[in-house]
Amino acid sequence: MSDVLVIGGGVIGCGIAHALTTRGAEVTLVDPGTVGGGASRASAGMLAPFSEGRHHLALQALGALSLSRYDALVHALVDEGWRVPYTRTGSIEVAFDAAGATALDGVAAALARDRIACERLDRPSLLALEPAVSTDAVAGLRILAHGAVDVPALVSALWRSAASRGARLVQSRAHRISSTTSEVRVDTGVGSFKASRVVLAAGCWAGQVDVDGVAPLPVQPVRGQLLALRTESPALDHTLWGPDCYLVPWADGTMLVGATVEHVGFDQRATAAGVRQLLQAATALLPPVADAAFLEVRVGLRPATLDELPIVGASQRVDGLIYATGHYRNGALLMPLTAEAVAELVGGTPLDPIWAPCDPQRFGSY
Ligand code: GLY
């Protein structure tokens, strides 16, 4: 297989590097920071297409298909000896008033029509499943297929697996992509590289890479702050969605609380207001959070597009360039399917029609 240069060392770029190296490609990854050090580090790793994709059927379909790839991917990484915490214990959405409970009825009916396993919970059955939830809760909706993955561990495993098959890292910023007659050239802070294919997977920085004669990709940063707390023992069995935050529990007592959604440009600071907002929402949903140890706040810039769908597909303007960015709130969820799609494109197989809504051309001549 040909040589490929991947720009961006987040969950998408590392997933692509992994998929390509398992198919025998020679891969170079270009990233100015540490692998997995951007938005991926601040991802709670929720794998929840039937909640996150509810407003967008195309996103839900992509998410559900990508989720179906997770077991095999994680098992393959674990079999190689990498540590990837991963659960499929389901999620529960919690309502605190009659309007919220009615909304859950509608969601439950829609999921049942699509044969997605779910359980509408009244208050006693909610509290029986999750006794630490606030007694102000009135109803819940349990979605059994949902899960979570430890994203920093996943990215590290993907990258180390790819590196064990020869992938190499160039720690620099990619400035410019241009085509020559037979190859694609990438100019970085440490020199120029040529490859037969280049994958632009630079998240919210994708629009800052100058692509020969092409308008900047319309990907905008949306800041997310995420808290890591620790309780003596796990306070929850399920990922919990409340009206103003979500909670992802891990077996060691770590609990992730996410996430703010802030349009503040490339500002990557954690803020007092962000931390306060998340702590208030989390304690309202799960009162024992007040007694949890505060471990850290993580900050990431999600790559958002105008329609909140990713940009995945081949460039019509630069031969050999493939876009794989703009995954906004669903990078971890959509990674396996994105990586598979890009690896197939590199190998000459056109994208499955499920990707049509993510065509780069919907935003102009790319
Ligand atoms: N996927 C959850 C978030 O972006 O906050």
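Along the sequence shown, the residues carry numbers beginning at 1. First listed ligand is number 1; within each ligand, the first listed atom is number 1.
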Novice: If you count only heavy atoms, which residues are under 4.0 Å from ligand 1?
Specialist: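 Around ligand 1, where the cutoff is 4.0 Å for heavy atoms, the contacting residues are Met46, Glu52, Tyr246, Ala259, Arg302, Arg329.
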Novice: Sort and list the pairs that fulfil salt bridge (Lys or Arg N to Asp or Glu O under 4.0 Å) and have at least one residue in residues 272-297, not counting sequence neighbours.
Specialist: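 Matches after skipping sequence neighbours: Arg41-Glu296, Glu296-Arg298.
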Novice: Would you please classify the geometry between the Tyr246 ring and the Trp241 ring as parallel, tilted or perpendicular, with 30° and 60° separating the classes?
Specialist: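 It falls in the tilted class, 30° to 60°.
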Novice: Verify the distance criterion only: is there a donor paired with an acceptor across the side chains of Asp71 and Tyr86 at less than 3.5 Å?
Specialist: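 Yes, side-chain donor-acceptor contact under 3.5 Å.
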Novice: Is a side-chain N or O of Arg165 found less than 3.5 angstrom from the main chain of Arg23, in a donor-acceptor match?
Specialist: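 Here the side-chain-to-backbone pair does not exist.
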Novice: With sequence neighbours left out, what residues match Asp252 under side-chain contact (heavy atoms from CB on, under 4.5 Å)?
Specialist: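 Checked Asp252 against side-chain contact (heavy atoms from CB on, under 4.5 Å); matches are Arg230, Trp250, Thr254.
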Novice: List the residues meeting side-chain contact (heavy atoms from CB on, under 4.5 Å) with Arg54, not counting sequence neighbours, and say none if there are none.
Specialist: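 Applying side-chain contact (heavy atoms from CB on, under 4.5 Å) to Arg54 gives Ser51, Glu93, Val107, Ile143.
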